Amino acid sequence: MADNKNPEINSDVVRRAAALLDELGLSELEYGSGGWHVKVAKGRAPAVTAAPLTGEGGTAPTESDQHDYAGHPGVVTAPMVGIVYTTADPDTPPLVRVGDQVTEGQPVLLIEAMKVFNRIKAPRAGKVTRILVSSGTPVEYGEPLLIIE
Amino acid sequence: MADNKNPEINSDVVRRAAALLDELGLSELEYGSGGWHVKVAKGRAPAVTAAPLTGEGGTAPTESDQHDYAGHPGVVTAPMVGIVYTTADPDTPPLVRVGDQVTEGQPVLLIEAMKVFNRIKAPRAGKVTRILVSSGTPVEYGEPLLIIE
Amino acid sequence: MFDKILVANRGEIALRIHRACREMGIRTVAVHSTADVNAMHVRLADESICIGPPPATDSYLNIQAMLTAAIITNADAIHPGYGFLSENADFAAKVEEHGFAFIGPSPDHIRLMGDKITARQTAVEVGIPVVPGSDGVVADLDEAKVAVESIGFPVLIKASAGGGGRGMKVAQSAKELPDALDDAKREALAYFGNADVYIEKFLAHPRHIEVQILADNHGNVVYLGERDCSLQRRHQKVLEEAPSPALNQAERHEIGAIAVAAAKKIGYRNVGTMEFLYENGKFYFIEMNTRLQVEHPVTEMICSLDIVREMIRIAAGAPLGFQQKDIRFSGHAIECRINAENPVTFMPSPGRVGDYHAPGGLGVRVDSALYSGYTVPPHYDSMISKLIVHGTNRNECLMRLRRALDEYVIDGIETTIPLHQRLVTDTDFVNGDYDVNWLEKQVGDE
Amino acid sequence: MFDKILVANRGEIALRIHRACREMGIRTVAVHSTADVNAMHVRLADESICIGPPPATDSYLNIQAMLTAAIITNADAIHPGYGFLSENADFAAKVEEHGFAFIGPSPDHIRLMGDKITARQTAVEVGIPVVPGSDGVVADLDEAKVAVESIGFPVLIKASAGGGGRGMKVAQSAKELPDALDDAKREALAYFGNADVYIEKFLAHPRHIEVQILADNHGNVVYLGERDCSLQRRHQKVLEEAPSPALNQAERHEIGAIAVAAAKKIGYRNVGTMEFLYENGKFYFIEMNTRLQVEHPVTEMICSLDIVREMIRIAAGAPLGFQQKDIRFSGHAIECRINAENPVTFMPSPGRVGDYHAPGGLGVRVDSALYSGYTVPPHYDSMISKLIVHGTNRNECLMRLRRALDEYVIDGIETTIPLHQRLVTDTDFVNGDYDVNWLEKQVGDE
């Protein structure tokens with residue numbers, strides 16, 4: 001067994017971990033390297049452990065930007081699954097561009113679901129700082145579409 | 001299997017880990033090497049991990065005293081499975097009693113396995129402070145028999 | 001054959017369908033609500049689409065989202081599983097309108113059997129036995145006597161306007177008929193403002209027996225034996241077995257032949273289950289389920305058939321690869337539905353699963369989307385696992401089931417495993433001596 | 001029937017035997033070394049006894065400790081499993097001398113078949129085909145020609161004093177015979193100081209086919225079909241299937257009948273496996289295993305029999321509950337031996353198992369004593385799980401095996417799951433086109 005020989009406890013690491021526990025009010029902290037792994041727990045709330053499942057699963061068509069902007073305070077997410085469009089019809093300019101100021105309720109995107117085009121309206125006034133989707137691509141429910149700050 | 005040095009407990013490591021637990025008020029500490037891994041916990045009952053199984057299993061005939069004395073520095077454990085006897089034959093007095101001083105090599109118990117009576121000798125000189133088994137009862141390999149201090 | 005199937009469901013049945021697809025070389029699309037983003041059916045699928053928030057009405061029951069997901073993933077076919085949209089005729093129709101294959105019966109058949117009254121009418125027309133009753137309202141004792149002559153005692157006198165067990169009286173014999181009729185009329189008037197009553201055969205101790213049929217698009221129909229689903233609590237099946245300990249070979253073939261003939265008459269296709277009450281050697285049709293059943297695995301175990309695979313083959317237009325004479329029933333199978341519930345109070349117990357260890361070995365099958373660290377969401381059905389055990393006979397099956405239940409570890413949440421552990425050692429159950437009322441008496445619901 | 005059985009083994013087979021006992025209502029005693037105190041077979045047993053330190057010689061091979069454990073726990077019978085003491089005739093004899101039933105063949109049969117020379121002699125006497133060879137040493141070309149006449153080409157000329165592949169020459173035809181003979185004699189003299197050579201049939205591409213038999217104490221013997229165990233690495237079986245893709249029905253019945261007749265002639269009892277090399281439609285006896293085999297589950301899957309249960313019944317004196325005509329072979333089964341080893345270098349990988357999730361669903365069986373958090377000890381065999389899959393035909397079985405392998409999660413240690421994933425998509429394997437040399441070529445051992 002690989003770890004039978006473990007000769008040294010690195011008390012610095014433990015001290016730092018303990019300090020972190022106190023500082024952060026955690027009850028558990030796990031850390032790793034080599035196929036890295038981190039685990040923290042607080043109170044009686046259980047930790048989210050590593051996903052025990054392999055497989056090719058979970059590949060949504062447009063997953064790329066999701067993790068970066070899902071928690072952004074200015075994010076506008078898709079209220080339904082469908083095809084997103086940035087223009088009202090193919091020959092017109094985009095409804096909004098990065099840098100545009102929008103007012104609350106102003107249509108910013110369209111999502112087509114079952115031949116029905118649904119207007120996505122700005123939930124607040126502000127400046128469009130990022131558009132996270134390309135016209136004509138599928139989006140899932142809850143997928144970040146654009147950022148209004 | 002070739003290399004199976006019965007892994008000795010490195011008490012230095014354990015002592016230092018225990019000291020760290022006390023010092024830092026932790027309840028759990030895990031440590032590893034080879035894709036190293038450290039885990040500390042506090043504020044919870046020490047978790048017995050890795051016991052996901054129910055069933056009536058694991059009930060050894062005489063398990064009761066095992067946990068209390070298995071780690072005692074003066075413990076003498078059974079070198080084989082069998083029936084333990086405290087007397088050389090039914091009519092004679094016990095080989096040793098609590099309070100007796102014994103010399104290294106002095107027979108202190110007998111274990112019968114397959115009609116053969118095996119003398120259990122004191123591994124060191126000292127005073128018998130506890131006898132953990134009753135005459136005529138079965139013992140497992142490694143089961144604590146008595147304490148010589 | 002299809003290249004890609006969208007599985008319009010969640011939980012163990014989504015995983016079950018995924019497995020069948022994977023074994024046929026068909027790619028899968030999982031749909032999921034935001035509550036199920038870490039679910040097993042999502043993790044294992046080739047593609048996944050989030051279709052809405054946790055409430056089922058906005059996700060798993062959202063027809064538009066479901067179809068949109070099929071469109072944007074380019075699926076060929078949709079398998080609805082059970083529950084959710086599986087018996088929604090409009091959904092099935094829309095699936096077909098949009099050019100997808102619906103892996104199930106035609107929308108017309110779903111509609112026909114979805115309505116209790118037309119289902120019963122259809123049953124009568126195609127020769128399926130139903131609970132005998134009077135032709136409508138019985139005005140007085142003379143009419144009641146005439147009706148009872150063909151029905152036979154005991155009978156149940158029910159308020160035409162009734163419901164909820166009120167205005168119902170049992171007459172065990174001709175002697176009791178006059179009083180029962182009067183009492184029923186009086187109660188009917190008192191409760192519902194209408195004294196009209198009708199008479200039905202009273203089944204005091206029926207078993208729930210259902211017949212599984214399989215029909216292709218070419219007129220071939222077979223039955224795959226019966227399942228005994230009499231162990232129920234509040235009309236929810238708890239444990240199912242096949243074959244039924246109550247039927248003999250002749251009854252099995254009789255009801256199977258009736259089910260097959262009926263399915264042929266109405267031009268039924270894909271899977272279907274005809275549910276019957278069974279008492280004193282007679283079958284009485286209750287309803288037909290036009291979908292895959294939760295308890296289909298017990299049939300698979302005794303027939304050595306993959307029912308989901310057959311559904312997919314049929315939906316792709318393939319003829320059945322076997323005839324009735326090729327179906328062989330072998331041994332005995334029992335399924336325990338394991339719910340995330342307190343095993344005594346039946347209070348739901350969603351939450352995070354700690355240690356998880358499924359039983360293994362000979363004759364043991366687990367259909368479950370659980371894994372260690374998975375969180376059972378509070379939004380959906382509490383059934384989290386099906387433990388299915390097969391043995392060469394009922395006794396062997398029961399012994400195996402006991403040891404498998406003892407091996408099963410699901411920590412962190414409460415489950416109904418202890419209920420099943422009690423059931424499989426209960427003398428009545430071991431003797432096969434139970435009916436649809438038995439379990440509720442056992443668990444003290446009555 | 002026995003009340004209590006001591007399982008003289010560890011790991012998955014101890015668990016396997018425990019399960020059979022539990023399903024028969026028999027209590028179990030687990031024995032274990034100090035390294036196995038947390039093992040599944042210990043946790044699930046009714047009683048457990050620690051019999052020694054980790055080295056097998058001091059624990060699982062310690063006859064005195066094993067018998068003492070049986071005495072102090074009051075067991076009725078001892079099941080030896082495979083490996084360890086299972087083919088130790090002295091152990092079997094001592095078990096019986098001490099008044100326990102030995103769940104396996106008689107000590108005499110174990111001894112008879114344990115010696116390769118007496119096993120071959122016995123095989124010849126009872127009509128089992130062996131590799132044909134010359135009657136001892138061939139002195140010159142004339143004698144060689146005579147011998148070859150009955151053996152048939154190709155032949156292998158081997159040094160009488162030889163070993164390790166040295167002094168062995170192949171002659172494909174009569175033309176090659178003189179040179180091969182000379183070369184072999186020269187090498188034999190050079191390597192072993194003795195020019196004596198003999199001639200045997202040369203098998204270039206044999207398959208390993210073995211026949212499972214079951215014999216009670218009343219003269220009844222049946223065969224349970226064959227297993228194809230040709231996928232081997234360093235003489236260790238890696239994957240087994242039943243039936244063999246290489247045999248036809250006539251060959252199956254022929255070799256089965258030979259095995260049964262032989263077992264009857266020698267008065268064999270309980271389980272046994274006759275191993276053969278098979279090439280060009282002919283069988284050549286290698287050896288007989290007088291114990292339960294690792295790969296017994298593939299036979300169980302196609303015969304719907306519990307072989308361990310049958311062993312226990314036979315040992316308790318019960319007659320077989322069926323005859324040869326009652327044995328029906330149904331579908332196809334494959335077993336993957338999953339080892340705690342690097343799947344490329346085959347370096348052992350003991351250690352702590354992190355996440356563990358076994359595959360489930362229809363037709364999937366897992367025989368494993370693993371669980372999440374278990375530490376695979378470095379002291380014993382590296383096989384940690386057997387994944388057994390059944391399908392109605394070989395193709396269905398292969399597809400199911402693929403999806404089951406994809407579902408199997410064993411984290412924290414290296415396993416041979418990736419090796420099996422490669423195997424089940426390999427064209428040769430899919431076509432059933434492999435022999436005993438195939439796998440070693442594939443993994444680059446040659």
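Below, read A as the first sequence line, B as the second, and so on, with proteins coming before strands; counting in each chain starts at 1. Predicted model, so just to flag it, every value in this text is computed and none were measured.
Within the 4.5 angstrom heavy-atom criterion, only backbone atoms of C/Leu305 (N, CA, C, O) approach chain D. For a residue to count as touching a neighbouring chain, one of its non-hydrogen atoms must lie under 4.5 Å from one of that chain's; by this rule C/Met24 touches chain D with the backbone only. Using a 4.5 Å cut-off between heavy atoms, C/Leu370 touches chain D through its backbone atoms (N, CA, C, O) alone.
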Show me, pair by pair, the donor and acceptor atoms from chain D and chain C that are under 3.5 Å apart.
{"from": "D/Arg19", "atom 1": "NE", "to": "C/Glu407", "atom 2": "OE1", "distance (Å)": "3.3"}
{"from": "D/Arg19", "atom 1": "NE", "to": "C/Glu407", "atom 2": "OE2", "distance (Å)": "2.8"}
{"from": "D/Arg19", "atom 1": "NH2", "to": "C/Glu407", "atom 2": "OE1", "distance (Å)": "2.7"}
{"from": "D/Glu23", "atom 1": "OE1", "to": "C/Arg400", "atom 2": "NE", "distance (Å)": "2.8"}
{"from": "D/Glu23", "atom 1": "OE1", "to": "C/Arg400", "atom 2": "NH2", "distance (Å)": "3.0"}
{"from": "D/Glu23", "atom 1": "OE2", "to": "C/Arg400", "atom 2": "NE", "distance (Å)": "3.2"}
{"from": "D/Glu23", "atom 1": "OE2", "to": "C/Arg403", "atom 2": "NE", "distance (Å)": "2.5"}
{"from": "D/Glu23", "atom 1": "OE2", "to": "C/Arg403", "atom 2": "NH2", "distance (Å)": "3.3"}
{"from": "D/Gly361", "atom 1": "N", "to": "C/Val366", "atom 2": "O", "distance (Å)": "3.0"}
{"from": "D/Val366", "atom 1": "O", "to": "C/Gly361", "atom 2": "N", "distance (Å)": "3.0"}
{"from": "D/Arg400", "atom 1": "NE", "to": "C/Glu23", "atom 2": "OE1", "distance (Å)": "2.8"}
{"from": "D/Arg400", "atom 1": "NE", "to": "C/Glu23", "atom 2": "OE2", "distance (Å)": "3.2"}
{"from": "D/Arg400", "atom 1": "NH2", "to": "C/Glu23", "atom 2": "OE1", "distance (Å)": "3.0"}
{"from": "D/Arg403", "atom 1": "NE", "to": "C/Glu23", "atom 2": "OE2", "distance (Å)": "2.6"}
{"from": "D/Arg403", "atom 1": "NH2", "to": "C/Glu23", "atom 2": "OE2", "distance (Å)": "3.3"}
{"from": "D/Glu407", "atom 1": "OE1", "to": "C/Arg19", "atom 2": "NE", "distance (Å)": "3.3"}
{"from": "D/Glu407", "atom 1": "OE1", "to": "C/Arg19", "atom 2": "NH2", "distance (Å)": "2.7"}
{"from": "D/Glu407", "atom 1": "OE2", "to": "C/Arg19", "atom 2": "NE", "distance (Å)": "2.8"}

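Ranking D/Gly391, D/Gly360, D/Gly25, D/Gly331 against chain C, the residue ahead of the rest is D/Gly360, based on heavy-atom pairs under 4.5 Å.
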